[in-house]
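Any value given below was found using the heavy atoms of this structure, including those in side chains, with hydrogens, waters and symmetry copies removed. What you see is a predicted model; the values in this text were computed from it and never measured. Each chain gets a letter, A, B and so on, in the order the sequences are listed, and its residues count up from 1.
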Amino acid sequence: MKDNIVEIKGAEKDFGVVMALKGVNLNVERGEVVLIIGPSGSGKSTLLRSVNHLEALTAGNIHVDGTPLTGEGADIRQIREETGMVFQDFNLFPHMNVMENITLAPIKVKGLSKKQAEKKAGELLKKVGLADRAKAYPGQLSGGQKQRVAIARALAMEPKVMLFDEPTSALDPEMVKEVLDVMTDLAKGGMTMMVVTHEMGFARAAADRVVFMDEGEIVEVAPPAQLFDHPQEERTRKFLKHIL
Amino acid sequence: MAEIAQERATKISIHDGALLPVKGERRIIDSWRITIAFAVMALVTLVIFAKEPYGQIFSVVVKGAPLTFGVTAGAILGAVVIGLFTGLGQIARGRALRLISGVYVELIRGIPLLVQLIFIYFALGRLFQLDGLPAAIIALSICYGAYMGEIFRAGIQSIPKGQMEAAMALGLTRGQALRYVILPQTMRVVLPAIGNEFIAMLKDSSLVSVIALRDILRRGREHVSRTFLSLETYALVALVYLIITLVLSKLVAIMEDRMNKHEG
């Protein structure tokens, strides 16, 4: 039996003006790295944001490590504790320094002592290559550094799944690599990841499967080499021609 | 860059009757400088060079300054607390909370401050044995709390949506997210606006003279009734208010400037 950590069943999201998700089914196995690609408006970000309930589904359900998002036994906060999220715009807290950004949730949500949280944060900062920036404020960091802090902040909660919503889209080109390197390390370390991105290099290096979405539906799912080199669907082919 | 635009967006400016120097103006002669120079010169000429009766009037009138500042300071604290809850109520998810704070704002904004003051002191004061000072502070707090609520609402809503999302995604409750992430940022954003409210309130505090509190204006009126020097006395009263207000508005402008520089 497969060990699914994220199970998405019949996910629908109706924004009123547009149907962003039209019944999406997707399972992610523990330790798997799944990339979600697709044109803008295809519903890929909505799908990702549904996993930790930043978007509420209109119909369908999602389980994260057995905990459902809606219905009996639903526990949204539990799910949010177990999923880390990295945003396109970083969303660091500008009034807190790097250390405070990372330790806020472990202290307030997990009840860690300040000392424990800071020790852990120090290790994570070393991991993302920013050990010397603990006292800096977000406004003093480059985009790439901000995003690496954001990754460390999410990891500090020791999540079972990491969600990345276009993590490199707001970055200047020369900073994309430093963030992707951290993400690749993370993937190699066995972290379960769902990533919305168009970074094909990262896809080939780190992804187990690539999901192509269009108009609120999953069109095709395949390992990166197969999906990029031998797409089965016409819509996939068309999209890949645009971005490659 | 997206992130810079986002950080710049967390700024609101609310203007009222307080004389605020035009932002970015860096000339030697600006309207603020002309006015303060005129006011200070007039005061010095009258009080120090012309002496009587101005010296005496001045010493009487400034005795009201502690009360004017005391009422204003007490009421601004009350108004900030009320405004914070009103602002939070306005953006609450519960409809009842939104309605309650909405009705409060409509009610208070629809009644002149002078009427509120008289109502609280002469009508409610009879019932609850309120003295003049608490009545004045309560009336000003309630009145300005409604406006302050709007400032806090705008301030909270000026914080990018991603901040709340990031906090919630980390597992914080909505209350924790507000307390640790949203409100500290809101405070910084609304500080200049609160400074402006302080100035407006200091001017409005002259209304408390109708309920027998001996503020700057009241001291002046008492002096006039003794000496019949109405022109001389009220001219000095006006000058004292003018100088206080001008100095405070400059301080607020400097504070705004500093914050703009520190942004990001």
Minimum heavy-atom separation for Phe93(A) to Gln163(B), with atom names?
CD2-OE1, 3.1 Å
Segment of Ile76(A) engaging chain B (4.5 angstrom heavy-atom cut-off)
neither
Ignoring hydrogens and geometry, is there a side-chain-to-backbone donor-acceptor pair from Glu81(A) to Ala169(B) under 3.5 Å?
no
Working to the nearest 0.5 Å, report the span between CE of Met168(B) and NE2 of His53(A).
8.5 Å
Smallest separation among heavy atoms of Arg77(A) and Thr173(B), with atom names
NH1-CG2, 3.1 Å
Answer key: most heavy-atom pairs under 4.5 Å with chain B among Met96(A), Arg153(A), Lys108(A) is Lys108(A)
Please classify the contact of Phe87(A) with chain B as side chain, backbone, both or neither, using a heavy-atom distance under 4.5 Å.
side chain
Pick one of side chain, backbone, both or neither for Gln176(B), based on which atoms fall under 4.5 Å of a heavy atom in chain A.
side chain
Shortest non-hydrogen contact between Ala105(A) and Leu170(B), atoms and distance:
CB-CB, 3.7 Å
Nearest atoms (heavy-atom pairs only) where Pro94(A) meets Arg188(B):
O-NH2, 4.1 Å
Measure the spacing between CE of Met164(B) and CG of Leu54(A) and express it to the nearest 0.5 Å.
11.5 Å
Might you confirm whether atom NZ of Lys110(A) has over 12 heavy atoms from other residues, nucleotides or ligands at distances under 6.0 Å?
yes
Counting only heavy atoms not in Arg98(B), do more than 12 sit closer than 6.0 Å to its CZ atom?
yes
Please check this pair: side chain of Asn91(A) against backbone of Gly162(B), looking for a donor-acceptor N/O pair closer than 3.5 Å.
yes
